[in-house]
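Everything below concerns the one structure shown next.
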2 protein chains.
Amino acid sequence: MKLEINVKNDNREVQNSIISQIRDLINYKNLEPGDKIPSERMLSDKFGVSRSNVRDAIQKLEFYGILSSIPQSGTFVANIGVTALNGMIDDILRLKEPDFKSLVETRILLELKTARLASLRRTEADLIQMEDALNAYSEKVINGEKAVQEDLLFHLAIAKASGNSTLNTLMLMITPGIITNFEEYHVCSEDLAFNGIQEHRDIFEAIKSKNPGLAKEKVKVHFKALYQYCYSIE
Amino acid sequence: MKLEINVKNDNREVQNSIISQIRDLINYKNLEPGDKIPSERMLSDKFGVSRSNVRDAIQKLEFYGILSSIPQSGTFVANIGVTALNGMIDDILRLKEPDFKSLVETRILLELKTARLASLRRTEADLIQMEDALNAYSEKVINGEKAVQEDLLFHLAIAKASGNSTLNTLMLMITPGIITNFEEYHVCSEDLAFNGIQEHRDIFEAIKSKNPGLAKEKVKVHFKALYQYCYSIE
DNA sequence: TTTATAATATTGGTTAACCAGAATTTTGCG
DNA sequence: CGCAAAATTCTGGTTAACCAATATTATAAA
């Protein structure tokens with residue numbers, strides 16, 4: 001286990017090193033938006049790393065919109081000036097693994113918004129999906145079983161009903177981190193699960209009745225305990 | 001250009017096909033959290049695709065915390081039950097490219113939060129970095145130059161000062177989409193740039209004086225025009 | 001039969017060779 | 001000399017062979 005972590009850290013360090021070297025190269029050569037950076041082979045040669053390492057680093061910078069690869073042609077600096085480029089790369093290099101508190105803080109923010117938007121935009125199909133998730137959750141809790149998954153699916157159904165694809169994506173992205181930390185910190189709200197049923201239903205009803213204010217309020221209630229717990233462990 | 005889009009779509013379709021086949025396989029074999037899925041070679045053989053395609057699909061599912069690869073050992077179903085697994089994979093398969101409206105909607109939400117948190121948590125170093133970005137922005141605008149990058153860097157500096165690593169990451173992730181769409185929709189607020197200087201300074205001063213309510217209010221003012229424009233093009 | 005050890009098979013990761021298409025250079029005709 | 005066409009080089013992407021670490025099986029000693 002220790003080994004695995006080290007391996008991942010090593011890879012990350014290698015990748016960050018390559019990224020910063022690419023940044024230096026762009027600055028040194030005074031490359032501007034749209035210019036082509038050297039080929040992957042030249043970079044792997046110059047940096048003394050494997051080409052796949054270079055490809056991974058480029059892929060990461062592509063993800064953040066800084067570079068753009070065109071097959072059989074080259075990799076180009078995106079339509080973003082050197083100032084922003086340097087700033088963004090510095091930020092990317094300094095990105096830390098998200099801590100529990102920031103994850104929860106962000107999740108609550110997103111959930112308040114998705115619930116509000118869902119109450120304005122939800123379709124009948126959305127309602128059906130949410131109610132299915134809600135029923136699955138209730139059933140499990142009543143039978144005394146763990147219902148973390150069903151809990152999660154209900155919230156993801158809300159995100160989908162929000163009609164905001166970006167929020168939906170962001171919710172999906174932070175979810176695994178939430179789950180991991182929940183288990184690590186033993187945030188097993190089994191005793192609170194019965195309350196959870198009613199809280200979920202309240203949120204659902206608010207969304208169903210197209211009442212954004214009420215929906216937001218009910219989400220606040222639902223996350224009150226988590227919110228306080230999260231701020232207490234700091 | 002058309003070709004490039006098609007290629008990307010094709011790749012995406014192949015990847016989605018593999019992802020759904022992996023999901024089907026997990027369901028068919030009744031795999032549970034912690035179980036090992038077949039090796040990459042077996043999957044590429046069974047699905048009739050290249051091993052690198054399988055690796056890419058697995059990497060994506062790893063990103064969303066659904067699978068976990070351990071070198072020289074295998075790829076395992078993460079600690080998440082089949083119910084949530086199926087729901088999340090369905091969501092991932094349906095993820096759409098974010099539209100402009102959802103991007104702006106999300107950006108404003110995040111900016112309101114980061115400004116508020118920054119006013120509570122900003123360090124002296126944060127203030128220096130924000131002021132540097134602010135001055136660089138003002139200088140450009142006064143000289144009649146475009147200052148999109150400097151604008152951006154100011155807002156990223158706020159995100160960093162928020163002390164919330166998750167929010168910082170999310171801001172970085174949606175930024176390229178924002179830039180792309182800004183150019184596509186010609187949201188060049190050059191005429192509004194002079195207003196922007198004062199608006200930025202207002203936000204900065206609110207954060208500096210540790211006034212979260214005021215910071216939020218000033219961000220609202222700053223994004224008012226964008227907000228209305230975004231809701232008008234629908 | 002049980003257990004410790006060695007041999008084998010399997011795994012994800014890495015490297016190098018290969019591919020099709022784009023960009024560049026060279027060629028050859030007018 | 002000008003310019004179109006052909007040959008060559010160069011590109012990111014793909015495939016297949018290889019690697020070291022792991023998991024499994026076979027073996028043998030107690």
Side-chain angles (χ1 to χ4, degrees), chain A residues 1-19 21-22 25-26 29 31 34-78, chain B residues 1-19 21-22 25-26 29 31 34-78:
Chain A
M1 196 48 159
K2 187 75 162 53
L3 181 70
E4 184 199 349
I5 294 174
N6 283 342
V7 168
K8 286 192 177 175
N9 280 350
D10 283 355
N11 282 348
R12 191 189 165 90
E13 278 173 30
V14 170
Q15 195 179 72
N16 276 354
S17 162
I18 296 173
I19 289 177
Q21 286 184 85
I22 290 177
L25 189 121
I26 292 174
K29 291 203 171 186
L31 297 184
D35 286 351
K36 182 156 74 173
I37 70 171
S39 71
E40 297 174 351
R41 287 173 184 80
M42 288 182 74
L43 292 180
S44 67
D45 202 37
K46 181 191 277 272
F47 299 159
V49 296
S50 74
R51 198 184 140 198
S52 44
N53 285 141
V54 173
R55 294 193 101 241
D56 288 344
I58 288 176
Q59 192 180 22
K60 186 162 185 177
L61 292 177
E62 267 192 280
F63 176 77
Y64 286 104
I66 291 173
L67 295 178
S68 173
S69 285
I70 296 179
Q72 286 82 40
S73 180
T75 301
F76 301 83
V77 179
Chain B
M1 197 47 161
K2 187 73 162 54
L3 181 70
E4 184 199 349
I5 294 174
N6 283 339
V7 167
K8 287 193 177 176
N9 281 349
D10 283 355
N11 283 347
R12 191 190 165 91
E13 278 172 30
V14 169
Q15 194 179 72
N16 277 354
S17 161
I18 296 172
I19 289 177
Q21 286 183 86
I22 290 177
L25 190 122
I26 291 175
K29 290 202 172 187
L31 297 184
D35 286 351
K36 181 156 74 174
I37 70 171
S39 71
E40 296 175 351
R41 287 173 184 81
M42 288 182 72
L43 292 179
S44 68
D45 202 37
K46 181 192 274 273
F47 299 159
V49 296
S50 74
R51 199 185 141 199
S52 43
N53 285 142
V54 173
R55 295 193 102 242
D56 288 345
I58 288 176
Q59 193 180 20
K60 184 162 184 176
L61 292 177
E62 268 192 279
F63 176 76
Y64 286 105
I66 290 173
L67 295 179
S68 174
S69 285
I70 297 179
Q72 284 80 40
S73 180
T75 301
F76 301 83
V77 179

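All values below come from the heavy atoms of this structure, side chains included, with hydrogens, waters and symmetry mates left out. Here is the naming used below: chain letters follow the sequence lines, and residue numbers restart at 1 for every chain. As the structure is a prediction and not an experimental result, all values here were calculated from the model.
Atom-to-atom distance recorded for B/E62:CD and B/R55:CZ is 9.0 Å, nearest 0.5 angstrom. Summarising the geometry, atom CG belonging to A/L61 is positioned 5.5 Å from atom CD1 belonging to A/I22; distances are rounded to the nearest 0.5 Å. The structure places CD1 of B/I37 at 11.0 Å from CE of B/M42, a figure rounded to the nearest 0.5 Å.
An OP1 or OP2 oxygen of D/dG12 is reached within less than 4.0 angstrom by no side-chain nitrogen or oxygen of A/R55. For D/dC10, the OP1/OP2 oxygens have no side-chain nitrogen or oxygen of A/S39 closer than 4.0 Å. For the OP1/OP2 pair of C/dT11 and a distance below 4.0 Å, the side-chain nitrogens and oxygens of B/T75 include no atom meeting the criterion. Phosphate proximity of C/dT14 to A/S52: absent, as no side-chain N or O sits under 4.0 Å from OP1 or OP2.
Checked against side-chain contact (heavy atoms from CB on, under 4.5 Å), A/S44 has the following partners two or more places apart in sequence or in another chain: A/R51, A/V54. In this view, A/N53 and A/V14, A/I18, A/V49, A/S50 satisfy the side-chain contact (heavy atoms from CB on, under 4.5 Å) rule, not counting sequence neighbours. B/Q72 pairs by the side-chain contact (heavy atoms from CB on, under 4.5 Å) definition with nothing, not counting sequence neighbours. Qualifying side-chain contact (heavy atoms from CB on, under 4.5 Å) partners for A/S73, counting only residues two or more places apart in sequence or in other chains: A/I70, A/F76.
Atom pair A/I70:CD1 and C/dA22:C1' shows a separation of 10 Å (rounding to whole Å applied). Here the P atom of nucleotide D/dG13 and the CG atom of A/L67 are 12 Å apart, to the nearest Å. Straight-line distance from the CG atom of B/N53 to the C1' atom of D/dG13: 11 Å, rounded to whole Å. Distance CD1 (B/I37) to P (C/dG12): 8 Å, rounded to an integer number of Å. Distance CG (B/D56) to C1' (D/dG12): 14 Å, rounded to an integer number of Å. What separates CG of B/L43 from P of C/dG13 is a distance of 13 Å, to the nearest Å. Between the CD1 atom of A/I18 and the C1' atom of C/dT14 there is a distance of 13 Å, rounded to whole Å. Going from atom CE of B/M42 over to atom P of C/dA9 covers 17 Å, rounded to whole Å.
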Please list, pair by pair, any protein nitrogen or oxygen found under 3.5 Å from a nitrogen or oxygen in nucleotides 16-18 of chain D.
from	atom 1	to	atom 2	distance (Å)
D/dC18	N4	B/R41	NH2	3.1

Show each protein N/O and nucleotides 23-25 of chain D N/O combination with a separation under 3.5 Å, one pair to a line.
from	atom 1	to	atom 2	distance (Å)
D/dA23	OP1	B/S73	OG	3.4

Given the rule in the side-chain contact (heavy atoms from CB on, under 4.5 Å) test, do B/D56 and B/Q59 qualify, once you have shown the distances and angles that lead to the verdict?
CA-CA 5 Å; B/D56 288 345; B/Q59 193 180 20; 4.2 Å; yes

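Contact detail for A/P38 and A/L25: the closest heavy-atom pair is CD-CD2, 3.4 Å.
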